[in-house]
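In listed order, ligands and their atoms are each counted from 1. The figures that follow rest on heavy atoms only: side chains count, while hydrogens, waters and symmetry mates do not.
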Amino acid sequence: MKDQMKDIVALCKRRGFIFAASDIYGGINGFWDYGPLGVELKNNLRDRWWHDMVIAPPIGPDGTPISIVGVDSSIIQNPNCWEASGHVGGFNDPMVDCRESKKRYRADHVFVLIPKDGEGVSFAFDKDAEDELIEKRLKKLAKGKSIDDFEREMLDQIPAANFNNIVGPDTKNKGTLTEPRQFNMMFHTYVGATASDDNKAYLRPETCAGIFLNFKNVVDSSRVKVPFGIAQIGKAFRNEVTPRNFIFRSREFEQMELEWFCEEEDVPKWFDFWVEQRTNFWLSLGVDKSALHFLDVPKDDLAHYSSRTIDVEYKFPFAAPGFDELEGIAHRGNYDLTQHQKHSGAKIEYYDQQENKRYLPHVIEPSTGLTRGVLALICEAYTVDENRPSGVYLNFHPSMAPKKAAILPLSAKPEHVEPAQKLYMELRNEFVVDLDIKQNIGKRYARQDEIGTPYCFTVDSETAEDNCVTVRDRNTMAQERIPLDKVKAFLREKINGG
Ligand code: GAP
């Protein structure tokens with residue numbers, strides 16, 4: 001399973017889903033670019049989330065549609081906003097540096113093997129390193145013994161206080177690691193011509209801040225009434241100590257966040273509602289139920305603003321046999337609105353006309369990584385099948401597939417190409433379709449399988465006589481003939497369910 005991640009990364013590059021940012025310069029750690037197919041897949045997921053949240057929000061527990069509006073706020077806000085939200089003081093990861101290798105590690109991801117008898121040096125390992133590297137080092141340290149025997153002689157511990165006696169994960173000498181230090185993960189910049197502390201500003205580490213800052217503007221300018229939601233999709237930036245696992249943990253990424261404002265007494269009802277809605281969302285995109293896991297985040301691991309969070313975890317191959325976070329559903333209380341009211345001095349309380357009371361509503365926040373969602377969809381779709389030339393196909397739900405169909409003339413003869421071009425012109429305004437003329441048909445099918453195109457329409461010599469094309473199903477490879485004038489309806493039915 002873990003090896004599958006390498007194959008997935010290779011396919012993403014080969015077929016134009018995802019590239020390392022600045023690839024020709026050797027890349028830049030934690031940054032990724034989306035290629036022609038990746039951007040289509042990402043837009044499909046983004047548009048579907050926006051549709052299900054803002055255009056046609058779910059039906060609430062009382063049987064009527066709930067109310068959600070959207071915003072698109074600035075990435076850079078007044079820096080006081082991040083003081084108020086707790087990010088300047090508290091958005092830290094502990095890290096240790098190695099003076100010799102110049103590498104940096106998440107302190108909470110370093111584990112240390114200490115000899116059981118307390119004699120001799122201890123050895124540090126970086127949990128974020130490739131499994132093979134860890135194995136290789138263990139083997140070296142075991143000096144001919146089996147790794148198991150070696151590990152039995154050592155005591156597995158989290159970072160010990162005395163760093164002077166530890167050999168760092170990438171060195172041969174002891175005492176090269178620094179003590180753990182807190183490292184703020186917000187990227188900063190300077191606004192205007194002078195680079196002074198007075199002009200320091202931050203790139204947002206989560207998109208939701210722009211929602212809280214606009215809470216009063218939205219209430220005053222639209223007809224929303226509690227309970228209601230504000231949704232936003234956009235970029236977020238975190239200077240992660242160890243970006244990892246392809247696009248899973250990157251330094252620039254996209255989030256899709258909903259802040260659902262409700263009365264405190266209704267929190268349990270809405271919390272359950274959102275866990276159910278968000279689960280159904282992933283299932284409707286073709287994610288198998290067995291690939292999801294729900295983690296009630298232990299109190300000690302909760303973010304500073306949350307009193308309860310359920311993480312929706314996905315079975316990413318690198319986490320095998322476990323799961324890792326795809327989305328978090330948090331009860332944020334009225335922490336953020338309270339903090340922003342206090343720090344800004346502005347009165348942002350909600351006024352309930354009927355009850356004649358003013359208050360700061362509580363918030364349930366389903367927060368999803370858009371780019372992490374893209375990775376989950378690719379992992380879920382990746383299907384090994386040795387019986388087909390490509391050896392693998394992407395089993396995307398048709399609504400998520402970057403290309404909905406390919407139109408393939410059997411040969412480059414005008415009698416095949418012309419009807420294919422006509423069909424392409426008829427479809428392209430409604431569907432993202434490919435017209436692929438050259439190469440033998442088997443190779444063209446293989447390419448479409450590898451990029452996850454659910455249907456291929458082949459124009460052959462009979463098309464001129466029976467006005468039909470052969471449609472090939474990506475998953476079953478079964479072929480059937482359908483009339484040319486039914487192709488549009490066929491695609492509508494398969495992609496949107498009618
Ligand atoms: N506003 C709440 C919040 O930001 P979070 O758990 O830190 O909560 C929410 O992030 C989601 O954003 C995560 O579940 C994940 O999908 C995505 N995310 C967070 N950090 C990420 C990173 N470094 N790279 C990619 N996605 C990330």
Side-chain angles (χ1 to χ4, degrees), residues 18 21 29-32 34 42 45-46 49 71 73 75 77 81-82 85-87 90-93 106 109 128 183-187 202-213 229-260 274-275 278-279 281-282 287 292-298 301-314 316 318-319 323-333 335-337 339-340 363-379:
I18 298 161
N29 199 5
F31 297 89
W32 299 94
Y34 290 76
K42 181 154 70 70
L45 181 56
R46 178 198 68 186
W49 188 92
V71 294
S73 71
I75 284 171
Q77 300 283 353
C81 145
W82 306 113
S85 67
H87 284 87
F91 196 54
N92 300 321
D93 262 350
R106 281 256 308 252
H109 288 194
D128 286 329
F183 167 72
N184 192 289
M185 289 203 288
M186 278 196 295
F187 280 101
Y202 300 94
L203 305 193
R204 64 182 179 202
E206 52 179 3
T207 56
C208 59
I211 295 179
F212 296 122
L213 297 183
I230 306 180
Q232 168 155 240
I233 299 177
K235 293 244 176 184
F237 302 82
R238 295 183 190 178
N239 200 358
E240 298 281 358
V241 177
T242 47
R244 251 216 115 180
N245 291 323
F246 197 27
I247 58 172
F248 176 82
R249 187 158 81 226
S250 42
R251 289 177 164 145
E252 177 176 341
F253 55 99
E254 283 176 77
Q255 287 186 315
M256 312 190 282
E257 298 202 292
L258 169 73
E259 307 305 312
W260 177 252
W274 281 113
V275 172
R278 298 305 305 145
T279 308
F281 175 82
W282 291 110
V287 175
L292 293 179
H293 176 258
F294 300 86
L295 175 76
D296 213 329
V297 178
D301 296 340
L302 289 172
H304 60 279
Y305 49 72
S306 172
S307 54
R308 186 178 179 204
T309 298
I310 290 214
D311 279 349
V312 181
E313 299 186 316
Y314 176 74
F316 290 103
F318 55 77
F323 298 76
D324 213 331
E325 178 183 340
L326 170 62
E327 159 158 7
I329 300 154
H331 174 211
R332 289 181 82 118
Y335 171 84
D336 301 86
L337 292 179
Q339 286 293 99
H340 289 308
V363 169
I364 311 291
E365 178 196 61
S367 169
T368 312
L370 167 57
T371 41
R372 201 174 275 188
V374 165
L375 181 59
L377 291 185
I378 293 174
C379 293

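In this structure, the side chains of Ile233 and Thr207 stay at 4.5 Å or more apart for every pair of heavy atoms. Within the 4.5 Å cutoff, side-chain heavy atoms of Arg249 are placed close to those of Thr242.
Among Pro243, Cys208, Ser367, the residue whose heavy atom sits closest to atom 9 (C) of ligand 1 is Ser367. By heavy-atom distance, the residue among Ser250, Gly328, Ala330 lying nearest atom 23 (N) of ligand 1 is Ser250. Between the choices Glu206, Met185, Arg372, Gln255, the shortest heavy-atom distance to atom 10 (O) of ligand 1 belongs to Gln255.
Taking the six-membered ring for Trp and thresholds of 30 and 60 degrees, Phe187 and Phe31 have ring planes inclined between 30 and 60 degrees apart. By the 30° and 60° cut-offs, the orientation of the rings of His87 relative to Trp82 is perpendicular.
Close approach of ligand 1 to Arg332 (heavy-atom distance below 4.0 Å) involves ligand atoms 1 (N), 2 (C). Interface atoms of ligand 1 facing Glu365, defined by a heavy-atom separation under 4.0 Å, are 1 (N), 2 (C). Every atom of ligand 1 with a heavy atom of Glu327 under 4.0 Å away is listed here by number and element: 14 (O).
For residues 363-377, every residue pair satisfying the salt bridge (Lys or Arg N to Asp or Glu O under 4.0 Å) rule, not counting sequence neighbours, is listed here: Arg332-Glu365.
Considering backbone and side-chain N/O of Glu257, one or more are found under 3.5 Å from N/O of ligand 1.
The protein non-hydrogen atom at the shortest distance from atom 17 (C) of ligand 1 is Gly369 CA, 3.7 Å. In terms of protein heavy-atom proximity, atom 26 (N) of ligand 1 is closest to Phe253 CD1, 3.4 Å. For atom 19 (C) of ligand 1, the nearest protein heavy atom (residue, atom name, distance) is Arg238 NH1, 3.5 Å. Protein heavy atom nearest atom 13 (C) of ligand 1, with residue, atom name and distance: Glu325 OE2, 3.2 Å. What sits closest to atom 25 (C) of ligand 1 on the protein, heavy atoms only, is Phe248 O, 3.0 Å. Closest to atom 8 (O) of ligand 1, if we only count protein heavy atoms, is Tyr305 OH, 3.7 Å.
Neither side chain, Gln255 nor Thr368, offers a donor N or O lying under 3.5 Å from an acceptor on the other. For the residue pair Glu327 and Trp282, a side-chain donor N or O sits within less than 3.5 Å of a side-chain acceptor on the partner.
Between Phe323 and Tyr314, the distance from one ring center to the other does not fall under 6.0 angstrom.
Glu252 has no carboxylate O lying under 4.0 Å from a charged side-chain N of Arg238, or vice versa, which leaves the two without a salt bridge.
Checking Arg204, Arg46, Lys42 one by one against Glu254, the salt bridge (charged side-chain N to carboxylate O under 4.0 Å, His left out) holds for a single residue, Lys42.
Contacts between Leu326 and ligand 1 below 4.0 angstrom, taking non-hydrogen atoms only, involve the backbone exclusively.
The shell of residues lying under 4.0 angstrom from ligand 1, judged by heavy atoms, excludes Phe91.
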